[in-house]
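First up is the structure itself, then whatever we jot down about it.
Per chain, numbering begins at 1; letters A, B, ... match sequence-line order.
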Amino acid sequence: MPELPEVETIVRSLSSIIIGTEILSTKLLWEKSLAAPSPESFSPLIINQTIENITRRGKYIHLHLTSVHLFVHLRMSGDLLVYPKPYTPGKHDRLLLELNNGKYLIFNDTRKFGRVWLTLHPEDVIGNLGPEPLDQNFSAQDLFKALQSKHRSIKPLLLDQSFIAGLGNIYTDEALHISGIHPLRISDTITYIEALNLFSAIRTVLLEGIEHNGASIDWVYRGGNFQNYFRVYGRENELCSTCGTKISKITVGQRGTHFCQKCQENKI
DNA sequence: AGGGAAACCCGAACGC
DNA sequence: TGCGTTCGGGTTTCCC
């Protein structure tokens, strides 16, 4: 899953190493990791292309090549790694790109959930994503209006990438706790003041996550050390740092959901 | 429209 | 010890 902060960390750490390099050859070790195009057209399209830039949109990593776009979604257990040559592919390596700087860029994914796209049209991959929560052009007023326009439980709504991009299970639980909103609260009952608080809480947890280079939770979900600062995620039966109430865990939309019954009382 | 569930995957962790 | 089961992550798809 890496969420926005983990992906942001990966993009930052890779940029100085791979920007400006050229792709010399490819090795696709697990065909299904390539969502598009077909394996036959993949290599001809990507070989001899230069990596002009690497950016992030939602949880997608966007490699801007000379005349095509390569997108990587890590889902839960994926990782993008750089190793020097010579290199023997590891058990969970799915795609190797040989670069002209003496290194390989490697898409590694233990659980085979992650996907890679190569396309001429970025919108085909990221066209349905909602606003970037850290974008200067995205405001609390925008969030309030969007919440008003839907009649859905807030947690699944925040996880919906077409509503807002980049939030996953961890940062959603954290943001709802900070803003004192129950995960089952219906979106259009959220007041303007609460929307302001939610907006600021989303930015707070994402920026904190980035500051700590993301979180590491499962042995396949690797990032920085933000897990040491979680307020509710993964802390069921521990005490809420704000009020001392035992943190609850329920299931919402098939997802483990952690919250404080006192700080996040369900209103309306 | 929105909720619920299944499917996609793997291996750690658990239960017996 | 060894086996079988459960779990969790993000997204898509399908069904009610």
Between C/dG9 atom C1' and A/Asp173 atom CG, what is the distance in whole Å?
13 Å
Sorted by position of nearest nucleotide on DNA chain C, 5' first, the leading residue of A/Lys249 and A/Tyr60 is A/Lys249
Could you give the side-chain donor-acceptor pairs of residues 236-252 of chain A under 3.5 Å, partners two or more places apart or in another chain?
from     : atom 1 : to       : atom 2 : distance (Å)
A/Glu238 : OE1    : A/Arg235 : NH2    : 3.3
A/Ser248 : OG     : A/Gln261 : NE2    : 2.9

Check the distance between C/dT12's C1' and A/Arg115's CZ and give it to me in whole angstrom.
11 Å
Please evaluate residues A/Asp173 and A/Arg231 with respect to the criterion salt bridge (charged side-chain N to carboxylate O under 4.0 Å, His left out), reporting the C-alpha separation (whole Å), side-chain torsions for both, the decisive distance (0.1 Å), and the verdict.
CA-CA 9 Å; A/Asp173 280 3; A/Arg231 295 158 177 85; over 6 Å; no
Going by atom types only, do A/Asn100 and A/Thr21 share a side-chain donor-acceptor pair under 3.5 Å?
no
Please give, in whole Å, the distance from C/dT12 C1' to A/Gln254 CD?
12 Å
A/Leu143 and A/Ala195 have their tightest heavy-atom pair at CD2-O, 3.8 Å
Range on DNA chain B touched by chain A - first to last nucleotide, heavy-atom distance under 4.0 Å
B/dG2 to B/dA12
Measure CD/A/Glu6 against C1'/C/dG9 and give the value in whole Å, please.
12 Å
Can you confirm whether or not the ring centre of A/Phe226 sits under 6.0 Å from the ring centre of A/Tyr171?
yes
Can you check the A/Leu4 CG to C/dT11 C1' distance for me, whole Å?
17 Å
Send over the distance from A/Leu159 CG to C/dT12 P, rounded to a whole Å.
13 Å
Taking A/Ile19's backbone N and O only, do any of them form a donor-acceptor pair with A/Glu52's side chain (distance below 3.5 Å, no angle check)?
no
According to a strict under-4.0 Å criterion, is A/Tyr233 in side-chain N/O contact with OP1 or OP2 of C/dG9?
yes
Can you measure A/Asp160 atom CG to C/dT13 atom P for me and round it to whole angstrom units?
14 Å
Euclidean distance, atom CZ of residue A/Phe163 to atom C1' of C/dT11 [Å, nearest integer]:
18 Å
